[in-house]
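Scroll down for the structure; my scribbles are underneath it.
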Amino acid sequence: MGTTLKNTGLVGLGLIAGVAISMQFSALAQKPVDAGMPLEELRQLASVYGLIKSDYVEAVEDRKLLNEAIAGMVSSLDPHSAYLDKKAYRDLREGTQGKFVGLGIEISESEEGFIKIVAPIEDSPAWRAGILPGDLITRIDALPVQGLALDEAIKKMRGEPRTKVTLTVLRKSAAAPLAFVIAREEIVQKSVRAKIVEPGYGWLRVSQFQEPTVDDLAARLAAMYKQEPNLKGLVLDLRNDPGGLLQGAIGVSAAFLPKDAEIVSTNGQLADSKQSFYGRAEFYSLRGDSDALARLPAAVKSVPLVVLVNTGSASASEIVAGALQDYKRAIIMGSQTFGKGSVQTIRPLSNDAAVKLTTARYYTPAGRSIQARGIVPDLLVDENADGDAASGLRLREADLQKHLANDRSKEDPGAARDDAEDELRLAAIERKRKPLEYGSADDFQLKQALNHLKGLPVQLSKAAPAPKLARQHPKAPAH
């Protein structure tokens, strides 16, 4: 399968990038386990440990062996459970806080094996140095990156503040490779952007759900209504939003839904995992008793709304899309979402490490499980006027090995996977396209969302069935 769009990350977000998580940090008591331990298997583990220590070709540190054993045990469960060493744990916390030390570039793998610049963050070191969307990184300092894993490349570009890294870049408009010496800085990542795209119509993008997201969204919406008091329609853009904090998803949903509406419910082994979450500050506020949404204009609750999603919309963004769809508060438009419907809880350990463990599935207000299925839009619309080759190159949750099953309905695999020849063809099409800037004049899906808000015809995907916008959803069951 092509790799152009499988992996995407922010340099500095590291482990939280790509397919991120709806997560809770917790140090709650764990569920009691049976006293009986599998003694024979434990003896076998000890025997293997002893064999490695005595017979392996070179000495191996005890800590390395034990850490790798823990990591293997946790990662064997599902694609989103993981052991986080000290650095990975720090990276994850920085990512959810919306700030990190890095260069400030969003990257993906290229078909040639290089690292492609998706976009520099505005006013970041990379942005000021002149890095452009579409640039290809061929070297990080003296290290060739062709074939280097994306996570490894991210680690090489991270570092301490004010330290420097040299990027060698290929640019289509340049006859020779370009070298950029860039000093790392702490980057404050704004997860919410907004603007009036044309008189009477606004665009609001959430790129990731972080601690400041609800406050940022409230501030952006208030500013938008100050500029355009009689807003006729709003587009909420969740495309390629990999997820993030569960509280952020609850707050963003609550901004548009009636007060106290159920947003999402969860169910797992622990009593604390059997919960329902509502559109109240106690469920989404991470900064004391203040309620950022209380200051929003009343019109936010009723403004006509379209939500844009794609295969890269995962986890927390699927919670928002599912809630707004269940309450018929918005029309969901785009392509079928990723299908990550599980909650990860961070269990800190004593040595500055942690375990990220899948502890529950989550469900929309109507009781739908998104796991390995995703949200199917009300209106299927391709990314471009001539089709959506990108969707054929993106992985979904159902494609991941050991993925958690959907416990409420049959998994929907979505569109059939293309064979190798088709994938090469799709990848060739994507390489010829210039990088899409969401919210720009060239944004085809945004144009279709605006058409819907204005009552104009929408160009649906050729593969789309007839839309059923008036469908009824069952009342959400208790969990």
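Note that the coordinates shown come from a computational prediction; the quantities given were computed from them, not determined experimentally. Residues: numbered from 1 along the sequence shown.
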| said: Checking salt bridge (Lys or Arg N to Asp or Glu O under 4.0 Å) between R205 and each of D237, D241, D443, D216, which is the one that passes? | reply: D237
| What is the distance from atom NZ of K356 to atom CD1 of I346, rounded to the nearest 0.5 Å? | 6.5 Å
| said: Can you see whether Q146 engages E112 through a side-chain donor-acceptor pair at a distance of less than 3.5 angstrom? | reply: no
| task | Could you go through the side-chain contact (heavy atoms from CB on, under 4.5 Å) check for T266 and K274 one step at a time? | result | CA-CA 5 Å; T266 61; K274 305 176 191 298; over 6 Å; no
| Gap separating the CD1 atom of I332 from the CG atom of D378, nearest 0.5 angstrom | 6.0 Å
| Salt-bridge criterion met for K454 and E198 (N-O under 4.0 Å) | yes
| request: For the residue pair T337 and E318, confirm or rule out a side-chain donor-acceptor distance under 3.5 Å. | output: yes
| request: Evaluate the side-chain proximity of L148 to F114: yes if any heavy-atom separation is below 4.5 Å, no if none is. | output: no
| query | Is it true that the side chains of N240 and N310 contain a donor and an acceptor less than 3.5 Å apart? | reply | yes
| Going by atom types alone, do T359 and S273 pair a side-chain donor with an acceptor below 3.5 Å? | no
| query | Centre of F256's six-membered ring, under 6.0 Å away, within 45 degrees of the axis: is that where NZ or CZ of K301 sits? | reply | no
| query | Once you round to the nearest 0.5 Å, how far does CD of Q344 lie from CG of L357? | reply | 8.5 Å
| request: Establish, for the pair R239 and Y438, whether the NZ or CZ atom is under 6.0 angstrom from the six-membered ring centre and no further than 45 degrees off its axis. | output: yes
| Taking the side chain as C-beta and beyond, is there a heavy-atom pair between K195 and V197 under 4.5 Å? | yes
| field | Side-chain touch V309/I375, heavy atoms, less than 4.5 angstrom | value | no
| said: Does any part of the side chain of Y225, heavy atoms only, come nearer than 4.5 Å to the side chain of V300, both counted from C-beta? | reply: yes
| request: Please report the C-alpha distance between T358 and S81 in whole Å, then the side-chain angles of each, then the deciding distance to 0.1 Å, and finally whether the side chain to side chain donor-acceptor pair (under 3.5 Å) criterion is met. | output: CA-CA 6 Å; T358 299; S81 294; 3.2 Å; yes
| query | What is the minimum heavy-atom distance between L379 and H452, and which atoms define it? | reply | CD1-ND1, 3.8 Å
| said: Set out, in order, the CA-CA distance, both residues' side-chain angles and the distance that settles side chain to side chain donor-acceptor pair (under 3.5 Å) for E383 and Q445, then state yes or no. | reply: CA-CA 6 Å; E383 191 168 279; Q445 288 177 321; 5.5 Å; no
